[in-house]
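These values consider heavy atoms only, across backbone and side chains, with no hydrogens, waters or symmetry-generated copies.
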Amino acid sequence: MQQQQQQQQQQNTTDSAKVAAGKKLSENERITLIVDNTTFSVNVSMLTAQPETMLGRMFSTGFEFTHPNERGEYEVAEGISRTVFRAILEYYLSGVVRCPPTVSVQELREACDYLLIPFNANTIRCQNLRGLLHELSNEGASIQFEAFLEQLILPLMVDAARQGHRECHIVVLSEDDIIDWDAEYPPQMGEEDCQTVANTAMYRFFKYIENRDVAKQVLKDRGLKKIRLGIEGYPTYKEKIKRRPSGRMEVIYNYLQRPFIHMSWEKEEAKSRHVDFQCVKSKSVTNLAEATADPALELDSAGNPLPQRHFEISHEPDAEPFMRPDALLDGEEGAIGGLPNGDDIGLLGPEEPQ
C-alpha cells in the first residue's frame, strides 16, 4: 500500500513537471534552480528583467527549450560553484556582482562569461584590485587587437595570400622609425618574406607580454596556425661601410628591437606532402661471397683509382691499431694521432722478422 502511494506521488510529480514544461511561466511565479547540488528559489520576473543574460533568455516569454526535471526544478550553470552563483544572482537585484573573498577574479570572470553577465568596472566589485584590473586589461587588449587585426594586419595577410604565400611575417614599427636601406647593399633578411606595418599604438600594445598572449589567443580563435609573437632585431639604416681584405664591401646596419607576428593559414602537417628518402649504402656485410671478395676501389674526382691504405691490426687485447708510415699520402693526416714527423717515425724501430 505504501509503495503504491509513493508511485502515485512520483507519477503526480512527473505529470506536474510535464505540465510545467509545456506551459509558459508567469512573471510572478517562483522557480527553483539547482546549481552545484544547491537549490535557489527565485522569481521569474527577476531573471527576465535582464533579458541579455543567459538566465533571462532561458525564462523569457516564448522560450521553448527550458525543461524542468521530474521534481519541477531547473538545473542550470553546470560547472559553476554555488558560492559564485549566489554572488551572480546579486546582479539581478542590484546590477552589481561582488566577488567573494574565497573566489578568484578569474573564476568569477569565467562564470560571468558563461552566464552572459557584463564584466566591467561598473558591474564588478572586488577587493583584489590587481586581479580585477588584470582581467579588465585582458578584455580591453582582446578588443583592441581585434581592431588592429581587421584594420592593419589582415590587409597584409591578404596581400601575402595573393602572392601565393601560405604564411605571413609582420614586423611592427613605430611611426618615428626611419628606414633607409642602401639599394646596392640591402641587409640580409634571411629566408622569410618580411612585411612591416608602422603604427605606434600597435607597437606600444605589443610591448607587454600579456598583450602578446591575448593576441595569440585571438589568432588561435580565428583559426590561424603556427603562431609566433615576440621581439626581434630589425635593420633601420646603415651606420657605416667597411671594405674587407678581399675587396668586398660590407654595410653595417643599425638594428632596433621591434615586435613581430608570424602566422600561417595552413595546417602544419600539410606543409609538404612529398618526402625525400636518402639512399645510404649499408656498411654491414650480409653476403658471404661479398665478404670474401676484393674491396671496391676508391676513385678521385677524375676517375683514377686512389692508392690503397693498409692497416696492421694486432690481435693482442691491449694493442692499438696504427698506420704504416709507407702507406701515408703526401700531406695527409694519419687515422690516429695525425701525421708523424720524421723523428717519430725513427722511434718506431725496425719491424720484427716474420
No-hydrogen, no-angle side-chain donor-acceptor test under 3.5 Å, Thr123 and Asn120: yes
Under 3.5 Å donor-acceptor, Ser264 side chain and Arg166 backbone: yes
For the student: nearest non-hydrogen atoms of Pro186 and Tyr253, plus distance: CA-OH, 3.6 Å
Check: Ser81/Asp36 side-chain N/O donor and acceptor closer than 3.5 Å: no
Ser41 to Arg30 - nearest heavy-atom pair and separation: O-NH2, 2.8 Å
Within the 6.0 Å centroid threshold, strictly below: Tyr255 and Tyr234: no
Contact list for residues 78-100, test ring pair (Phe, Tyr, Trp, His ring centres under 6.0 Å), sequence neighbours left out: Phe40-Phe85
Over all atoms of both residues, closest heavy-atom pair of Asn43 and Ser45: OD1-OG, 2.8 Å
Shortest non-hydrogen contact from Ala160 toward Trp265: CB-CH2, 4.2 Å
Nearest atoms (heavy-atom pairs only) where Ala198 meets Ser174: CB-O, 4.3 Å
N/O donor-acceptor pair under 3.5 Å between Arg258 side chain and Val171 backbone: no
Pairs meeting criterion side-chain hydrogen bond (donor to acceptor under 3.5 Å, both in side chains) with involvement of residues 131-147, two or more places apart: Arg109-Glu139, His134-Asn138, Glu146-Arg222
Short side-chain donor-acceptor distance under 3.5 Å, His169 and Gln195: no
Polar side chain donor-acceptor pair, Asp159 to Gln163, under 3.5 angstrom: yes
